[in-house]
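The structure appears below as structure tokens.
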There are 2 protein chains.
Amino acid sequence: MRESRAGLADVARQAGVSPATASRVLTGSGPASATSRAAVLAAAERLGYRPHPVARQLASGSGTRVVFAVRDERADILRDPFVTRATTAIATALCPDGLGVSVRHLGLECAADLDELATDRGLAALVLAGHDRALLDALPPRLRGRTAVIGAGGTDVDSAAGVGALLSHLYVIGRRRIALISGPAWLAASAAPVAAYRELTRSAGLPARVVRGDFTSDRGRAAARAILRRWPDTDAIATVSDATALGALQALAALGIQVPDDVAVTGFDDVPLAGAVHPALSTATHPVEEIAAAAARRALGEVVPTTLFPSSPVLRATA
Amino acid sequence: MRESRAGLADVARQAGVSPATASRVLTGSGPASATSRAAVLAAAERLGYRPHPVARQLASGSGTRVVFAVRDERADILRDPFVTRATTAIATALCPDGLGVSVRHLGLECAADLDELATDRGLAALVLAGHDRALLDALPPRLRGRTAVIGAGGTDVDSAAGVGALLSHLYVIGRRRIALISGPAWLAASAAPVAAYRELTRSAGLPARVVRGDFTSDRGRAAARAILRRWPDTDAIATVSDATALGALQALAALGIQVPDDVAVTGFDDVPLAGAVHPALSTATHPVEEIAAAAARRALGEVVPTTLFPSSPVLRATA
DNA sequence: CTGTTAGCGCGTTCAG
DNA sequence: CTGAACGCGCTAACAG
């Protein structure tokens, strides 16, 4: 293996053109005759040319890192399975491009942090999670066009359809008194699943039983207890997060209630070990890796078709 | 808010010194008189100076990203809770430094990949997971001193002590026929827990029952079944991964065996939802965030005291 | 201890 | 379509 460095200058010399031309060919920006293009490409190939990412970024003014900013009340959201999985997905997708990811927690009030991020000269793009419509509109100009939203708060996954499918399933297996543990109030995206729920209960003439949750298992536990205290005949509990569902499962077990015989339970997200618990959790799965990678590319300015990713039910044992 | 950029030159001018001096003060490298130091610091503060990470990295020759390379047979190890959590921890720790992290999967045979990483000019440091002694010794020279090892395969956490503590606990609560589901054979670090196990069983005169696992819940399920088939009187199953333990729990439930009454179970790692399952998993917890951050800093050349991080038992319901 | 002089490796104006 | 400059913002050698 050669002594590592083959610079753009080397390539240009080998190809018999100027560095400028070589640059144009290799970055695909700017005109170049077929002849010189071929020569440059060949030379680059032969020399095993690998552009120096740092130099390129300095010259072009683009940054070197994508920041993944997660907005939530709690700082330990950074341990959340969805967040860690998305982070890794972005970090994996960007590896070939020589870009890295930084993660940052943002409190609910984060305008100042966004301003600070806007002045970060090393920032190539921003991926936001847990966001609110208002904040997106108030995004600093420098961040506009370099930002993509992901996950809860985003519009990337068809969560209404996912929750809807799970609810339908509960109905199909005969459940008629279905309760819902929803998402936190501050999250705009919490509305869609609730709407889907109200739609079903209204059209099927079922009672509406909604308790607010917050994506934690503790809240799931408490919410499940509250539901059964208030509506003892509940025969199914739908949630919008696996953690919540697991908490609910714990509460039910403690009360000696059989799952799914007495009460069916559904989660949402399909966390890595959702299928490994007993009884195995029925939930909705999402292509988190693809979603995160697509968001990162879009934030970087690539034109990625804005597909609404599917939310597919995974029926295991709890429902 | 000012028009964003305050360059080193501006700071130097304001402070009445040369850019070089300003640089020396701000990077802490090189001599500087108390007078000019104060002046520079004050000017930087006043101007809200934020160094341009990319320029700095180009000039100093350091890279912009830390690569987190995970070696494993399966590519979906990148979805493993430990890996995703470590990734996020590194990405969080590096954010203030303007550095990002890239993740990459490495097969068991990865010498070529390491060579390629060695020629990556954007690479600031390498964090390795799932590594073998031999590979570390064969590390390309360019990577030497820029690499740190983490997690399974590393020597950062006192896993022998953690497993030992869990095993002792099982003994203390009266278990006398304890089986162990170990780690995969190719991982050097799999040896320590097994050694701790053999130590206990030998000194306490207990039967040794070891079955090989691989950190997956599927294997945990199969291994638990095998254990009970072969040694029906087993009253405890210790594992070296929470996923494995959850799989074992599923198998036990399917067999109608009560946990922990009939068989106690212990995991290892304390994955995010380990306490949210029912029965709540007893396991050993590790400061993954600190471990990962420390590894990243060490890889970057910072002198981080080489502490052996603790592996602390968390006794919940399964043992 | 400090200022001056050179680059780091590449993108990007401009003439031609 | 191409080449010659210049500059990104900062650090690293050297002299002084």
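Each chain gets a letter, A, B and so on, in the order the sequences are listed, and its residues count up from 1. Note that this is a predicted model, so its numbers are computed, not measured.
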Provide, to the nearest angstrom, the distance between the [atom1] atom belonging to [X] and the [atom2] atom belonging to [N].
X	N	atom1	atom2	answer
A/R37	D/dT2	CZ	C1'	13 Å
B/D10	D/dC8	CG	P	12 Å
A/L26	C/dG9	CG	P	16 Å
B/H52	C/dG9	NE2	P	17 Å
B/D120	C/dG9	CG	C1'	15 Å
A/R24	D/dC1	CZ	C1'	8 Å

Item to check | Main-chain N/O of A/V17 paired with A/T21 side-chain donor or acceptor, under 3.5 Å | outcome: no
Checklist entry - Do side-chain atoms of A/R65 reach the backbone of B/V101 as a donor and acceptor pair under 3.5 angstrom? => result no
Side-chain N,O ([X]) to OP1/OP2 ([N]) below 4.0 Å:
X	N	value
B/S36	C/dT2	yes
B/R121	C/dG9	yes
A/Y49	C/dG9	no

Checklist entry - 5'-most contact on DNA chain C: B/T21 or A/A22, nearest heavy atom basis? => result B/T21
Checklist entry - For A/S159, which residues count as a side-chain hydrogen bond (donor to acceptor under 3.5 Å, both in side chains) partner, sequence neighbours excluded? => result none
Next on the checklist: With a 4.5 Å cut-off on side-chain heavy atoms, are A/L8 and A/Y49 touching?
Outcome noted: yes
Checklist outcome for this item: Of C/dG11, D/dT11, C/dG3, the nucleotide closest to the side chain of B/L8 is D/dT11
Checklist entry - Distance only, no hydrogens: is a donor on one side chain within 3.5 Å (strictly under) of an acceptor on the other, for A/D72 and A/H105? => result no
Next on the checklist: Ignoring hydrogens and geometry beyond distance, is a side-chain donor-acceptor pair present between B/T84 and A/T84 at under 3.5 Å?
Outcome noted: yes
Side-chain atoms of residues 290-300 of chain B: list all donor-acceptor pairs with protein atoms under 3.5 Å, sequence neighbours left out, distances to 0.1 Å.
unit_1	atom_1	unit_2	atom_2	d
B/R297	NE	B/E302	OE1	3.2
B/R297	NE	B/E302	OE2	3.2
B/R297	NH2	B/D97	OD2	2.7

Checklist entry - Looking for any heavy atom pair under 4.0 Å, which part of the strands does A/S33 touch: base, sugar-phosphate only, or nothing? => result sugar-phosphate
Checklist entry - Looking for any heavy atom pair under 4.0 Å, which part of the strands does A/P51 touch: base, sugar-phosphate only, or nothing? => result sugar-phosphate
Next on the checklist: Using a 4.0 Å cut-off on heavy atoms, which residues in residues 54-65 of chain B reach DNA chain D? List them by number, or say none.
Outcome noted: B/A55, B/R56, B/A59, B/S60
